[in-house]
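Comments concern the structure below.
Convention: sequence-line order gives letters A, B, ...; per-chain numbering from 1. Any value given below was found using the heavy atoms of this structure, including those in side chains, with hydrogens, waters and symmetry copies removed.
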Amino acid sequence: MPAPEKSWAATALFTDLITGLWTTLRYTFKPNVTVRYPLERSVLHPNFRGILRVDDDLCIACFLCEKICPDNCIVLEGEKGLGKGSKYATYFYLDHARCLFCGLCEEVCPVDAIYHSNEFEGAVFNRADLVHDLAILHKGHAIVHYER
Amino acid sequence: MLRTHEMELNMGPQHPSTHGVLRLILYLDGETIVDCKPVIGYLHRGTEKLCETRNYYKNVPFTDRTDYLAAPNGNLGYCETVEKLGGYEVSERAQFVRTAICELSRMASHLMWLGTHAMDIGAQTMLMWTIREREVILDFFEAALGDRLTTTAFRPGGLRRDLPDGWIQAVLGFCATFPDRIDEYELLLSKNRIWIDRTVGVGLISAEDAIDMGLSGPLLRGSGVAYDVRKAMPYAAYDKVDFEIAVSNDCDSYGRYVIRLKEMRESTKIVEQCLRELPDGPITGKVPKVLKIEAGKEVYHQIEAPRGELGYYIVADGSDKPYKCKIRAPSFVNLAAITQMVKGLLIADVVTVIGSIDIVLGDVDR
């Protein structure tokens with residue numbers, strides 16, 4: 001499709017520019033579509049992959065998440081507990097600085113112990129704070145909800 | 001004695017309109033461009049090498065990060081290559097969902113292109129409008145795939161999870177209103193005299209040159225060659241849907257603009273068809289949990305990404321990792337045409353040409 005021909009009358013009367021300005025002007029009186037973030041928050045879908053959490057009551061230390069992680073950000077160690085098949089994680093470190101948020105660990109976990117929360121405000125001042133141990137992974141790290 | 005001499009000017013790598021970290025060395029005669037050398041590699045992360053060190057399942061997140069504006073297309077290209085390599089079957093439902101999601105990502109990618117390209121040329125309003133629609137599409141991705149940009153949408157064998165409830169109705173509702181939005185963009189741009197003056201006749205490339213250079217996507221179709229991988233070598237469910245290829249004989253930036261708008265309309269149609277005729281069934285085919293593909297097999301498979309032909313060439317060596325994973329990135333090949341396209345233009349037109357090629361530097365450098 002070639003570019004439209006410019007007619008003499010249209011050029012003199014600025015119809016092309018006026019059409020554009022009129023289209024823009026109509027939007028001035030329509031409601032906003034933006035979310036004013038610190039004041040109001042959009043609701044995230046439950047499927048959203050946010051900061052990882054681990055439920056250590058469920059974890060059976062099967063090492064599948066450690067194996068599937070593309071960036072090797074999970075390190076864990078397990079121990080056999082009392083009773084049959086009661087293996088549990090003794091320590092579990094997850095480095096969020098390396099995490100890709102791909103969700104493969106959540107997908108392979110046979111007991112749904114590791115899961116993505118809906119939290120996304122994980123900024124910290126110290127890089128070491130991004131390495132979460134089992135205590136933080138269980139209850140979630142202290143999220144600062146930014147407010148004005 | 002007065003004389004003129006050629007001047008060398010560096011554009012980038014931190015120039016805002018190079019859409020990333022592209023550096024162009026421009027050789028100027030006054031304000032006219034005599035020659036142009038693109039310098040790339042500032043965003044090189046070694047994705048191809050990384051793919052050799054991870055197994056077939058783990059490589060999917062890396063393919064998001066090559067062309068990050070159309071991540072599902074990268075995922076699809078990789079997953080289909082692995083499926084072809086290992087001879088794994090994909091369920092029919094997965095094929096249709098994959099097609100719909102890839103077309104949504106084409107729409108999101110073209111919207112981002114339209115907004116930034118128009119903003120580079122001077123139409124600031126466009127970005128606000130296109131981002132508004134793109135936001136809706138990204139919300140669909142968030143619900144169906146889990147993430148907005150780096151989706152890791154599919155896995156070899158099918159989908160990672162089924163579509164959430166109400167998703168199909170929401171997408172169909174969006175598809176019903178989207179063509180009206182494109183009409184609005186056309187009201188703003190198509191007849192605007194500044195837009196026409198800045199794009200018509202800028203960045204010319206003939207059909208012969210385009211074929212010789214191996215260009216693909218809207219750049220090739222903008223030169224009048226009706227080649228689209230979706231029609232020529234159908235993959236996913238593209239042979240079951242009805243759509244047209246957008247072709248323009250203009251060979252210039254305006255022609256590519258027209259093509260991309262047309263493609264967005266066609267994508268809307270494809271999404272509607274896929275979701276209306278979505279078959280029931282399992283979301284994954286029969287795929288082993290550890291993919292071990294026998295040695296000696298190699299496959300090149302290509303798909304039509306928003307920027308052109310995206311190809312993956314994978315060689316298996318009997319282990320659970322690829323021996324070699326070469327990515328044929330459309331932006332990388334298309335960028336080579338810039339030298340020819342900017343010759344004889346003014347400096348301000350370089351921005352138009354970069355925009356109309358539609359490069360993503362993550363895709364160029366990988």
Side-chain angles (χ1 to χ4, degrees), chain A residues 1-8 10-28 30-35 42-50 52 64-73 98-108 110 115-118 120, chain B residues 50 53-55 57-62 64-65 123 125 128-129 131-133 135-136 139-148 150-152 155 160-161 164 167 183-185 187-197 199-201 246-250 252 254-255 257-259 261-262 289:
Chain A
M1 191 180 93
E5 293 287 318
K6 279 187 272 189
S7 79
W8 177 85
T11 312
L13 294 170
F14 296 100
T15 47
D16 53 334
L17 296 182
I18 289 168
T19 326
L21 286 173
W22 170 244
T23 319
T24 320
L25 188 69
R26 278 186 305 152
Y27 271 92
T28 315
K30 286 188 181 172
N32 284 346
V33 291
T34 44
V35 178
S42 48
V43 182
L44 295 170
H45 196 273
N47 280 352
F48 178 73
R49 297 198 293 263
L52 279 163
L64 278 180
C65 51
E66 190 186 322
K67 272 185 196 144
I68 196 75
C69 182
D71 277 343
N72 309 327
C73 59
R98 298 178 69 101
C99 183
L100 285 172
F101 295 91
C102 60
L104 289 175
C105 49
E106 188 187 31
E107 202 175 310
V108 295
Y115 62 99
H116 282 280
S117 66
N118 262 11
F120 57 92
Chain B
L50 277 174
T53 60
R54 312 286 200 272
N55 72 28
Y57 280 122
K58 288 191 198 182
N59 283 337
V60 181
F62 295 129
D64 293 333
R65 285 148 176 90
T125 323
M128 312 293 162
W129 291 32
I131 287 284
R132 178 187 59 189
E133 267 73 68
E135 189 70 17
V136 180
D139 282 340
F140 292 147
F141 285 174
E142 181 188 308
L145 311 172
D147 225 329
R148 299 165 67 83
T150 51
T151 50
T152 319
R155 70 168 172 207
R160 295 186 57 193
R161 53 158 72 98
W167 193 82
D183 290 342
E184 279 184 345
Y185 306 154
L187 275 181
L188 276 190
L189 287 181
S190 287
K191 286 183 183 164
N192 187 306
R193 64 184 69 184
I194 304 168
W195 181 259
I196 290 172
D197 286 349
T199 54
V200 171
V247 187
S248 158
N249 289 317
D250 294 0
D252 62 1
Y254 191 89
Y257 155 76
V258 173
I259 282 182
L261 284 191
K262 176 95 188 294
K289 285 193 174 149

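Of the charged side-chain nitrogens involved, none lies within less than 4.0 Å of a carboxylate oxygen, so that B:R161 and A:E107 do not count as a salt-bridged pair.
Taken from SG in A:C102 to CG in B:D147, the straight-line distance is 10.0 Å, to the nearest 0.5 Å. Here OG1 of A:T23 is found 10.5 Å from CG of B:L189. Values are rounded to the nearest 0.5 Å. With rounding to the nearest 0.5 angstrom, the CG atom of A:L64 is 9.0 Å from the NZ atom of B:K289. Note that OG1 of B:T150 is 8.0 Å distant from CG of A:L100, once rounded to the nearest 0.5 Å. Taking CG from B:N55 and CD1 from A:I68, the interatomic distance works out to 5.5 Å, rounded to the nearest 0.5 Å. Atom-to-atom distance recorded for A:H45:NE2 and B:W167:CH2 is 10.5 Å, nearest 0.5 angstrom.
Ranked by heavy-atom pairs under 4.5 Å with chain A, the first of B:A246, B:P61, B:A143 is B:A143. Chain A forms more heavy-atom pairs under 4.5 Å with one residue of B:R65, B:R148, B:K58 than with any other, namely B:K58.
The closest side-chain heavy-atom distance from B:E184 to A:R26 is below 4.5 Å. Residues A:T34 and B:R132 form no side-chain contact, since every pair of their non-hydrogen atoms from C-beta on lies 4.5 Å or further apart. Put simply, the side chain of B:E142 reaches to within 4.5 Å of the side chain of A:L44, judged on heavy atoms.
At a 4.5 Å heavy-atom cutoff, the contact between B:L145 and chain A is made by backbone atoms alone. Interface residue B:W129: only side-chain heavy atoms are found under 4.5 Å from chain A. Using a 4.5 Å cut-off between heavy atoms, B:F141 does not touch chain A at all. Contacts between A:Y27 and chain B at a heavy-atom distance below 4.5 Å involve the side chain alone, from C-beta outward. Looking at B:T53, there are no atoms closer than 4.5 Å to chain A (heavy atoms on both sides), in backbone or side chain.
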Step by step, would you call B:T152 with A:R49 a side chain to side chain contact (heavy atoms under 4.5 Å, CB included)?
CA-CA 11 Å; B:T152 319; A:R49 297 198 293 263; 3.9 Å; yes

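The two residues A:L104 and B:Y57 have their closest heavy-atom pair at CD1-O, 4.0 Å.
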